[in-house]
Amino acid sequence: MTSTPRQQRTHGQWAIDGPEPLNPNEEFKAAAGGLGVRQRVLDTYAREGFDSIPADDLHGRLRWWGLYTQRRQDIDGSRTGTLGPDELSDRYFMMRVRLDGGAVTTGQLRTLAGISADFARGTADISDRQNIQYHWIRIEDVPEIWARLEAAGMQTTEACGDTPRVILGSPVAGIAADEIIDPSPAIAGIVERFIGDPELANLPRKFKSAITGHPSLDVVHQINDISLVGVAHPELGSGYDLWVGGGLSVAPRLAERLGAFVRPDQAVEVWYGVVRLFRDYGYRRLRNKARLKFLLADWGPERFREVLEHEYLGYALADGPAPVPSGGPGDHVGVHAQKDGRVWVGLAPTVGRVSAEVLATLADAAEAAGSGRVRFTPQQKLLVLDVDPGRTDDLLAAVEPLGLTANPSPFRRSTMACTGIEFCKLAFVETKATAAHTIGELERRLEGVDVGAPISLHVNGCPNSCARIQVADIGLKGQLIKGPDGSEEFAYQVHLGGGLASADRDDAGLGRTVRGLKVTAADLPDYVERVTRAFVAAREPGESFAQWAHRAEEGALR
Ligand code: SF4
């Protein structure tokens with residue numbers, strides 16, 4: 001595609017430069033919207049099969065309905081960077097079910113379990129955005145899956161693609177005694193009014209949202225495009241503090257406060273204003289500059305707020321206070337009293353991996369304990385809500401054989417892993433099995449060692465940071481390295497001492513790297529054991545792993 005000198009100077013912002021598409025992604029979105037592919041799946045692709053899907057739909061628009069082709073099983077990580085999507089793709093799909101706020105009923109859990117058993121070879125992963133992800137989905141089965149999901153009140157609409165993705169929500173919304181504000185109405189309002197709205201279905205890139213009213217700051221609000229975080233305004237009562245422009249991947253940036261207070265009745269409109277601002281002013285020329293964080297970096301929070309108020313809201317927001325973290329760890333694992341006298345039970349599946357059997361059995365066990373509701377968390381964990389306190393032990397005993405525990409070791413509790421080479425076309429290395437093996441080793445080797453607060457271990461298969469490399473105590477970025485015999489080995493570049501704001505820490509920031517430090521998958525348990533023991537030996541009273549990692553000499557981190 002040729003471009004004029006004028007075009008080269010622009011960022012491709014619709015509101016300034018006009019809607020002419022400036023790259024292949026923008027061209028296919030302009031040619032036909034992503035949402036329209038649904039009808040072609042129903043009318044043609046599901047009937048005529050995989051080979052009937054043209055490339056723009058296969059690798060582009062199907063994402064608008066939560067479908068990506070999964071990685072071919074016979075292609076190793078050394079070819080990830082050199083092959084095109086056709087060569088990397090299997091004839092099966094990953095399907096993402098968006099679960100806004102991570103909330104499901106036990107009836108919906110059974111529907112999710114049934115789809116997994118009937119169409120996904122029993123697979124199901126809890127993603128770190130509170131979704132359920134399946135693998136091995138055939139295009140022929142998609143209409144039936146949609147029908148089952150929609151009959152049960154769930155959807156895959158805009159679960160992927162350049163759209164408003166799933167809204168992260170506090171897993172303890174409406175049940176925690178120390179909650180500042182219940183975000184459920186705001187989340188429901190956004191989903192009902194705007195998810196699937198064609199006006200918001202061609203954004204420059206993905207748009208991630210998070211809303212919480214819990215003081216533990218449990219929705220990773222610093223790494224979303226927009227976050228509404230519960231605060232108590234001294235004159236105006238409970239509402240939200242507005243954050244924008246966070247995101248990780250290859251150019252990580254923490255979100256910034258606009259200093260604006262959002263009343264509960266303004267929350268949906270403010271979200272709508274920010275997403276339209278992104279649609280109109282977001283950078284569309286270069287895909288790797290298209291997330292909202294790049295616009296915020298250029299504008300700054302003051303100008304961003306001014307444009308939001310003047311061009312989108314038509315009124316000024318009040319100034320407001322910053323959130324004050326409190327209320328314990330934001331993963332909500334363990335048994336906790338609800339405000340109504342019942343309890344929630346936070347359980348830790350290993351690196352988010354569950355299955356048809358786990359989901360179905362969990363639904364039965366939850367109901368037997370008096371519960372009808374489960375919530376998934378942004379830490380790949382799950383909560384059973386509304387449990388009868390007298391039946392907690394029965395629930396714990398019923399889920400223990402499923403690998404679900406409310407009392408996990410520090411490493412089982414705080415390890416996350418992305419999909420990795422098992423199914424992801426962008427991956428260089430394996431993740432979930434490596435992480436699970438490492439957890440088992442660390443539990444054995446470090447039994448009885450007091451590490452203080454759990455040390456978070458985030459394992460990623462490539463630099464894209466789906467499992468949040470840069471905001472973990474120990475973040476691992478997958479890459480291949482040459483082993484001693486010249487063959488390629490799974491390895492990770494190590495980031496140390498990252499973390500987000502929480503009740504446990506006020507030093508949110510990105511992790512540091514250590515020159516030349518790479519760890520092979522085989523050596524990972526040794527490395528984490530070594531660096532953990534070094535921390536335990538050298539820490540000052542009250543010092544966190546992250547604080548130590550930022551002050552330690554490089555030699556202590558190797
Ligand atoms: Fe795939 Fe990379 Fe995301 Fe992991 S971090 S799921 S390998 S894109």
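Atoms within each ligand, like the ligands themselves, are counted from 1 in listed order.
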Kindly state whether the ring of Y283 and the ring of F294 have centres lying under 6.0 angstrom apart.
-> no
Just jot down the ligand 1 atoms closer than 4.0 angstrom to any heavy atom of S465, in number order.
-> 5 (S)
Show your working on side chain to side chain contact (heavy atoms under 4.5 Å, CB included) between E158 and L35 and close with a plain yes or no.
-> CA-CA 8 Å; E158 297 180 336; L35 292 171; 4.0 Å; yes
Which atoms of ligand 1 are found less than 4.0 Å from any heavy atom of L426?
-> 8 (S)
Quick one: does ligand 1 sit under 4.0 Å from the side chain of P463, the backbone, both or neither, non-hydrogen atoms only?
-> neither
Could you tell me whether atom 4 (Fe) of ligand 1 has an N, O or S atom of C462 under 2.8 Å away?
-> no
Over all heavy atoms of both residues, which pair between C418 and C466 is shortest? Give the atoms and the distance, please.
-> CB-CB, 4.1 Å
closest protein heavy atom to atom 1 (Fe) of ligand 1 is C424 SG, 2.3 Å
Could you tell me the residue and atom name of the protein heavy atom closest to atom 3 (Fe) of ligand 1, and the distance to it rounded to 0.1 Å?
-> C466 SG, 2.3 Å
T419 neighbourhood, listing ligand 1 atoms whose heavy-atom distance to it stays under 4.0 Å = 6 (S)
Which atoms of ligand 1 sit under 4.0 Å from any heavy atom of N464?
-> 2 (Fe), 8 (S)
Within 45° cone of W14 ring axis and under 6.0 Å: R284 NZ or CZ | yes
Who gets closest to atom 7 (S) of ligand 1 by heavy atom: A417, A427, G478?
-> A427
Note: ligand 1 atoms sitting under 4.0 Å from heavy atoms of G461 are 4 (Fe), 7 (S)
Would you call the rings of F535 and W548 parallel, tilted or perpendicular, where under 30° means parallel and over 60° means perpendicular?
-> tilted
How about F194 and W271: are their ring centroids closer than 6.0 Å?
-> yes
In K381, H214, Q130, the residue satisfying side chain to side chain contact (heavy atoms under 4.5 Å, CB included) with P171 is Q130
Considering only heavy atoms of C418, which atoms of ligand 1 have at least one such atom less than 4.0 Å away?
-> 4 (Fe), 5 (S), 6 (S), 7 (S)
